[in-house]
Structures are given as structure tokens and as C-alpha cells.
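Only this structure's heavy atoms are used, side chains among them; waters, hydrogens and symmetry mates stay out. Atoms within each ligand, like the ligands themselves, are counted from 1 in listed order. In this text, all values refer to a predicted model and were calculated from it rather than measured experimentally. Numbering starts at 1 and runs along the sequence shown.
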Amino acid sequence: MMIENLQEQNLFSDNQPPGVWIEVILPLAIPKTYTYSVPPELNNKIQIGCRAEVVFGKNKKYAGIIKLICKTKPAYETKDIVSIIDDEPVVYPKQLELWKWISEYYMCTEGEVMAAALPTHLKLSSEVILIYNEEYGDDFSDLDNEEYLIAEALLLKKELKLAEVQLVADIIHVYPLIKRLIDKKVCFVWEAFTDKYKEKKENFVTLNPEYSSDEKLSDLVNNFKAPKQMELLLSFLHLLKTEGEVSQASLLKKSGATVAQLKGLADKNILFVEKRSVDRIRSLPKKMEVNFELNSFQEKALVEIGIALSKKDVCLLHGITSSGKTQLYVKQIEKFINEGKQVLYLLPEITLTAQIIRRLQLNFGGNIAIYHSKFNNNERVELWNKIKTGELKIILGARSALFLPFKNLGLIIIDEEHDPSFKQQEPAPRYNARDAAVYYASLFKAKVLMGSATPSVESYYNALKDKYSLVALTERYGGVKLPEIKIIDTKTVAASKKGKVMISPQLKAAIENALQNDRQVILFQNRRGYAPFLICRTCGFIPQCENCAVTLTLHKYSNKLHCHYCGNTYPKLITCPACGSVNWMEKNFGTEKIEEELTEDFPRNRIARMDVDAVKGKHAHDTLIKLFEQHRIDILAGTQMVVKGLDFEKVSLVGILDADGLLSFADFRVNERAFQLMEQVSGRAGRKTEQGLVLIQASKTDHPVLSFVQLHDYQKFYENEISMRKQFFYPPYSRLIRLILKHKIKEIVQDAAEILGSLVKKDFPHLAGPAAPVVNRVRSLYLMEILLKLPKDAAHLQSQKKVIGNYINLLKAEKRFRSVVIIADVDPV
Ligand code: ADP
Ligand code: ZN
Ligand code: ZN
């Protein structure tokens with residue numbers, strides 16, 4: 001029985017032995033929540049959503065989340081909790097409901113959801129290591145005795161295991177103490193899985209707040225004597241206006257002034273120079289200035305969205321590229337903020353660039369914050385708490401921002417809703433943030449606005465079936481036409497040259513033409529590295545990864561062969577291990593090779609590459625985008641990264657180098673993905689002034705998807721696609737669950753898949769497999785897959801998942817299959 005008010009309950013404890021028990025979620029993959037008893041002295045401290053320090057297993061300790069409080073003694077023996085860590089809940093009941101829904105829908109445990117949801121600092125366990133925060137310094141006057149002891153030990157040893165903390169403090173209840181130390185920023189929790197990085201510090205310049213009023217500022221400027229300093233000050237003001245913040249480096253560069261001249265202004269107390277972390281969440285003033293005008297199409301769409309959201313909870317905004325969807329989101333956000341509500345703005349991770357952040361900060365100042373995996377743990381906890389109190393109104397983040405403890409959520413915006421990166425692949429929870437967001441919003445009676453130029457087939461289907469409402473924006477802002485698309489038949493080019501066509505003469509000419517007109521070019525190729533595989537000309541041998549069944553990609557920068565599945569690298573082969581020949585052929589081409597050829601063909605132009613290898617550093621991605629924005633790069637060649645949501649003024653030409661590659665994946669979504677990628681990357685061309693041009697190189701030039709892209713015809717694409725989905729009983733007509741089995745030994749995983757297949761076949765006649773996937777070995781594990789197609793009606797969905805879970809358990813109960821890893825991926829993408 002769940003109770004709300006413990007005091008009241010204690011009054012009528014009759015024949016039951018008095019006592020309180022709590023159900024706790026532990027950040028582990030155990031199937032159920034765990035029940036503990038609460039010692040009487042802690043009774044008045046327990047609240048749902050607070051963390052309790054508990055012992056699990058032999059003597060491992062964890063901070064678990066209290067999910068339920070009950071007064072009935074369970075049928076089994078329970079351990080006492082050790083302590084209560086928080087005075088205030090860390091999460092609200094609504095977040096716990098979301099965890100539960102995700103665990104049921106995506107077939108994982110609540111503990112796994114918890115592990116994904118909470119920032120590292122809130123996940124304490126015996127294995128956790130505390131790291132001393134060097135920035136704290138050694139002034140411990142703010143600390144109490146116990147805190148002081150630990151801080152001193154940390155200062156000396158730099159890091160401590162939780163077990164060591166226990167010894168040093170000589171108290172039993174260490175978790176609350178650790179919480180205080182983290183809150184006071186004496187230490188961090190070290191996260192084994194994230195890269196440790198040194199925070200990058202840079203000098204930033206700010207204006208003395210005394211001059212923040214326009215009068216005071218013009219007074220200052222009008223009465224200024226020193227001309228050099230005056231110039232510097234004006235440059236500062238200009239940068240502040242355009243960039244929002246001013247780094248010392250950018251200021252000196254813009255003004256051509258010296259450090260000494262800057263120091264002169266600082267000495268006069270007009271400007272301040274301060275060192276701060278580049279990633280620090282900026283504390284901007286909390287003002288809102290949403291004072292731009294919408295054009296008539298946007299205005300109409302805005303009204304329609306308003307009506308749509310008053311009738312339905314979810315609205316799909318289908319707006320072509322560069323139609324100004326962001327501006328519509330801004331207006332919607334403003335509306336909900338004015339009603340006192342919080343807004344979550346979800347984006348694919350890679351689109352979380354300075355570009356969009358700057359745009360939104362321009363409108364919402366310090367009311368908006370970014371929740372980003374690149375931020376450090378302290379900042380993430382800071383944000384967590386500010387969202388929980390409702391102080392922060394707007395959060396911009398990738399999928400994990402869904403787990404933030406909103407208090408009063410009014411609107412969720414899902415930008416680029418079609419993007420597959422909203423779905424988490426590994427590890428569990430394998431949730432789709434777009435779909436989970438719809439559920440989460442319903443808990444708050446909040447609204448969802450999804451937007452895309454190329455909506456996912458599922459969302460568009462929902463809109464046509466009246467589950468969502470649909471608003472269309474069919475004109476580009478500024479009236480520029482969508483780019484003209486030409487298809488280059490590489491078969492005719494290949495005849496004159498050997499090997500695969502990388503940059504056809506037509507494309508080369510178009511690049512030359514764009515560059516001559518002082519325009520920029522984007523080239524898209526969905527393969528990174530230099531050559532996706534090598535082949536021995538003499539015997540046909542192809543180097544493969546030792547751990548995975550994939551060919552190795554040659555990378556020039558490392559001069560090694562890389563496995564893109566497990567990350568292993570191998571020295572470049574000189575002689576063929578099979579026949580000893582030294583005659584290799586490079587097959588196909590990746591972004592590195594394109595960059596190399598461009599450098600040869602356009603020696604006077606600035607060329608850059610954008611892929612995961614090129615943007616490894618923390619800021620490399622933003623820096624590249626900035627350089628391109630400022631036209632300090634002429635040609636940008638890259639993978640999917642160049643496709644997403646970027647807004648550049650001077651790009652007049654986009655080249656898609658290998659459309660065949662995009663259209664040849666063995667997946668039922670291949671056409672959808674290819675259409676989205678091509679239409680989106682085309683959308684980067686000719687956004688502002690004149691119509692752009694897109695050249696697509698392909699050998700299968702009669703592929704229907706190419707003609708849909710050529711006409712920018714989403715509807716035709718959709719009609720074609722949906723009829724195929726219907727015919728082959730794929731989503732949105734069915735729901736998919738992919739069962740993936742993994743084991744070191746091929747025979748074992750094959751046998752396990754056979755047996756599991758025959759078990760599930762009884763209940764699920766629509767199934768494909770068991771079969772080995774195209775890449776049937778990854779990280780030394782052999783893979784088998786079974787794809788279940790479930791009917792659409794949701795009524796039985798939950799019980800069907802239980803049935804599947806039971807079959808998996810049944811199989812795992814057999815000794816031979818105990819170590820087979822079995823993953824259920826619901827709605828796989
Ligand atoms: P989308 O997200 O639909 O591709 P964007 O929101 O990036 O389009 O808008 C495209 C460009 O048009 C951007 O540079 C944006 O600043 C500009 N823009 C759109 N709407 C307006 C408006 N109402 N006023 C001024 N500029 C606008
Ligand atoms: Zn050979
Ligand atoms: Zn590998």
C-alpha cells in the first residue's frame with residue numbers, strides 16, 4: 001500500500017507490525033526494484049524521488065532512488081537502508097513515471113533507465129571515485145569537520161574511492177557527506193566512460209556593468225580621448241552585439257590592438273578581462289527579445305500551429321529547408337514561457353552547434369541553457385537543479401535532455417524529428433527520444449511540436465491519420481527557390497577514366513564556377529577515411545578486422561587500417577599476407593581522399609574536411625562551422641555532419657558524390673534515409689540570395705528516390721514509400737522488435753537463435769530470421785538476429801513483450817546458453 005503522509009499512518013497502525021519499507025531503483029540491470037526497510041529514526045526523512053544509501057549484494061553500496069513507500073511488510077527479509085542522502089527529491093514522480101514507461105516499452109530495467117537519466121554526480125556507488133577539484137583551492141574555512149577531513153585527504157591524494165572516504169571519515173553515513181562535498185564543488189565524481197578532458201580556459205572581455213545603460217555608454221563613447229582605445233572599445237561593442245560574448249583573442253584580432261591597449265581600458269575600469277572556461281554556461285541577463293517579424297507564410301503557419309496545438313497534443317511542422325522553422329519555434333517558446341511554463345528543445349546531438357545556440361540566446365538571453373554531453377559534471381548538476389526549481393525555463397539538448405527533472409513543462413520541440421540519432425542504440429535503454437517525448441509531454445498535459453523538412457514516414461503517417469496535426473511551410477524565407485538538382489551519370493564518366501568516379505568533370509567545372517563567383521561549396525560523401533577497402537590485385541585478398549567481419553578502411557592521417565566497428569587499428573600492409581604481392585588496389589573513396597584530390601585540383605582554395613576524425617577535439621566542430629560561416633573555408637567536404645541543420649549564406653553548390661552508396665543499404669528504411677540525407681544536404685545550397693545548384697553523382701540514375709529528390713517532392717516520396725511499407729508489413733503498419741543474440745562461439749549463437757526463433761514463432765507468425773546480419777561478427781562476438789513484426793494495435797503490445805521476455809528467460813535458463821547476450825531492440829532504426 002502506498003501512503004502519502006507517514007505521520008497520519010502511524011496513528012492507525014493496528015494488527016500490522018509497525019514499520020516502513022521502500023522500493024528502491026538501483027542503477028543496475030536487475031529486473032525488479034528492491035525493497036528495504038527504513039529504521040524508525042529515518043522515517044520522517046523519506047520522500048519519493050530522494051536517494052537512499054543502501055547495501056546491495058554482499059557489501060556493495062549504491063545510491064538508489066526511492067520509488068515507492070509502503071507500510072506492508074514484504075514476504076521476504078529486508079535489509080535496512082543506511083541513510084537518506086537528499087533533503088529534497090532528485091527527481092519528481094513524473095520523471096519516475098517516464099522511467100517506468102521507457103523500461104516497459106523498450107524492454108529494459110528501470111535501473112538501466114536511471115543510469116542513463118541521472119548525471120554522474122548523482123550516481124554514487126562503492127565503485128565511484130572522487131576527484132579533487134583543483135579549482136576549489138585549499139581554503140577549507142567553509143567546511144565542517146567531517147567535510148574538512150575528506151577535503152584534506154583529497155587535496156593530498158587527489159582522488160579517493162568511496163571505501164577510502166569511509167575510512168577517513170570514520171562514520172557510517174558517508175553518502176550524505178559526499179553529497180555535501182559535491183554540492184560545495186570540493187570534488188567531482190570520476191566517470192570512467194567519458195573522456196577526461198582539461199577544461200580549456202580563455203580570456204574573455206566584458207563591459208563594466210556601470211555602462212550597461214545606453215545613456216551612460218554614449219556618454220562614455222562621446223567623451224573618449226585616446227583614439228586607439230576608442231577603436232578598441234568600438235570593436236568590442238560590435239563583437240558583443242554580433243557574437244554575444246567577446247574573447248580577448250577575437251577582440252585583438254578584430255581591432256588590431258595590442259594587449260597593452262586592452263590593459264589600458266581595463267585599468268580605467270571600462271572593460272574587465274577575466275579568465276574563464278570556454279564551456280562555462282554563460283550567465284547572460286535573463287531577458288527576452290523576440291522582436292523579429294515573420295513573413296506572411298510564417299505568420300500563417302504560426303496561427304495554424306496555435307490552432308493545431310489547441311486541438312491535438314502533437315503537431316508536425318513540415319517546412320522545407322530554409323523556410324524559417326527555427327523562427328517559428330522561437331515564437332512558440334515565447335508563448336509558453338509567458339504562460340510560466342518550461343520548454344524543452346530537442347535536437348540531434350551533432351546539430352547542437354554554436355550556430356543554433358547563438359540564435360536562441362539572442363532571443364532568450366539567460367533564460368535558455370544547453371544540456372550537452374560535452375559539459376562537465378558540475379555544470380550538468382547545476383543545470384539539473386535549476387530545472388528542478390523551475391528557475392531555468394528553456395533547455396536545449398540532445399536526447400538525454402529528456403530526462404531532466406522538469407517541474408512545469410509546457411512544450412517540447414523536436415527539431416529535425418526524422419533524425420535517427422534520437423534513438424539510442426547502445427547500451428539500454430534503447431529508447432527513441434522523439435517517441436518517449438510524446439509520452440513524457442502527456443504526463444504534463446504539455447504540447448509537442450515536431451519539425452522537419454523531411455518528416456519520418458512514421459510521423460507523417462500519424463499526421464495523415466489525424467493522430468497528430470499537420471502544418472506545412474512551403475516557401476523559403478526570402479523567397480529563394482529550392483536548388484536546381486542535376487544528376488550526373490557516372491557510367492558515362494567512368495568509361496573515360498578507371499576506377500570509381502570521385503569528382504566528375506561536370507562537378508569540377510561547377511566547383512570552379514562557384515569559387516570564381518566568390519561562393520562556397522559543400523561536398524557530401526557518407527564514408528570517412530581514405531579508402532573504404534583495399535584489395536590485393538594479384539589474389540583478391542581483402543584485409544579484414546580480427547574482431548569483426550568487416551573490411552578495414554585505410555586512413556591516411558594515421559597511415560593505418562581502421563575498423564569502423566570496434567575502433568581497432570592495424571599497420572598498413574605492405575605485402576599481401578596471402579600471396580606476398582605488393583600490388584594493392586584502393587577501392588571506393590572516403591572523405592580523406594576527397595580532401596586530398598580537392599587540394600590537388602584547387603591549390604589556391606581553402607579546403608576543409610568535416611567528419612568524426614576531423615572534429616575529434618572538443619571545439620573542432622564549432623570551429624569548423626565558424627570558419628566556414630566566415631568564409632575562411634571555400635570547400636567543405638564531409639560525412640552526414642555537413643547535412644544537418646546548418647545555415648550558411650554563401651553556399652551556392654552542393655555535390656553528392658556517391659548516391660549509389662546511399663541507396664544500397666540492406667534495410668527497409670534505405671530509401672527514406674537516402675531521401676532525407678539528399679534533400680537535407682541539398683537544402684544547404686542557395687539559402688539566402690540566389691537559387692543554388694546540387695549535383696548528384698550516381699550510376700543507377702533511374703532510381704525513383706533520385707527523381708523525388710530532383711523534384712523536391714516529399715509527397716511523392718511518401719506515397720511511394722508508404723505503399724511499399726504496407727505491402728511488406730513494415731512500420732508504420734507493424735511494430736518491429738529486433739532480437740539480437742551475441743556469443744563468442746558461432747555454433748552456440750546459431751543454436752540459441754534457432755531455438756529462440758522456434759519459440760517465438762508460435763506467438764509471432766510474422767518474423768524474419770533467425771539469420772546472421774550483414775556484419776555477423778563484431779568485437780569478437782558472433783551475431784544472429786530475429787526480426788519480429790507485431791500488429792499495430794497497441795492493446796496487446798505490453799503482454800506480447802512479456803511473452804518475448806519469458807522466452808528469452810527460458811532460453812537463458814539453459815546452461816549452454818547462459819552466456820549468450822540477448823538484446824531486444826524495440827522500434828529499431
Ligand atoms: P529552417 O530551419 O526551416 O531550415 P531557418 O530557421 O534556418 O530555416 O531559417 C533560414 C534563414 O532565414 C535563417 O538564416 C534565418 O535567420 C532566416 N529567417 C527565417 N525567418 C526569419 C524572419 N522571420 N526574420 C528574419 N530572418 C529569418
Ligand atoms: Zn594477394
Ligand atoms: Zn573491428
Does ligand 1 have any atom that is closer than 4.0 Å to a heavy atom of S323? yes

In chain order, what residues pass the side-chain hydrogen bond (donor to acceptor under 3.5 Å, both in side chains) check against T551, with sequence neighbours excluded? none

Lys/Arg cation over aromatic F292: K331, 6.0 Å, 45° cone: yes

Is the closest side-chain donor-acceptor distance between D419 and S421 under 3.5 Å? yes

For the 3.5 Å polar cut-off, considering only N or O atoms, please tell me whether F292 and ligand 1 meet it. no

Is the closest side-chain donor-acceptor distance between S456 and E417 under 3.5 Å? yes

Could you tell me which atoms of ligand 1, counted from 1 in the order shown, lie closer than 4.0 angstrom to a heavy atom of I320? 3 (O)

Sum of protein N, O or S atoms, each under 2.8 Å from the Zn ion (ligand 3): 4

Is K325 in polar range of ligand 1, meaning some N or O pair under 3.5 Å apart? yes

So L695 and L653, do their side chains get closer than 4.5 Å, heavy atoms only? yes

Taking the six-membered ring for Trp, are Y345 and Y329 ring centroids under 6.0 Å apart? yes

Looking at Q355, K650, Q520, which hits side-chain hydrogen bond (donor to acceptor under 3.5 Å, both in side chains) with E629? Q355

Against ligand 1, does R359 come closer than 4.0 Å with any heavy atom? yes

Which of the numbered atoms in ligand 1 are below 4.0 angstrom from a heavy atom of E293? 22 (C), 23 (N), 24 (N)

Residue part near ligand 1, for L473, under 4.0 Å between non-hydrogen atoms: neither

Please list all pairs passing the salt bridge (charged side-chain N to carboxylate O under 4.0 Å, His left out) test where one or both residues lie in residues 296-306, with sequence neighbours left out. K300-E304

Nearest heavy-atom pair of K688 and E649: which atoms, and what distance? CG-CG, 3.2 Å

Contact between F717 and E679 at the side-chain level, heavy atoms closer than 4.5 Å - yes or no? no

Distance alone, cut at 3.5 Å: any donor-acceptor contact between the side chains of Y570 and Q544? no

Determine, using ring centers only, whether H318 and H418 are less than 6.0 Å apart. no

Relative to the heavy atoms of T321, which atoms of ligand 1 are at a distance of less than 4.0 Å? 4 (O)

Applying a strict 4.0 Å limit to heavy atoms, is R476 in contact with ligand 1? no

Could you check whether the rings of H562 and Y557 sit parallel, tilted or perpendicular, using 30° and 60° as the cut-offs? tilted

Is it the case that the side chains of S652 and E690 hold a donor-acceptor pair, with the cut-off being a distance below 3.5 Å and no angle test? no

For the Zn ion (ligand 2), which protein N/O/S atoms are closer than 2.8 Å? C536 SG, C539 SG, C576 SG, C579 SG

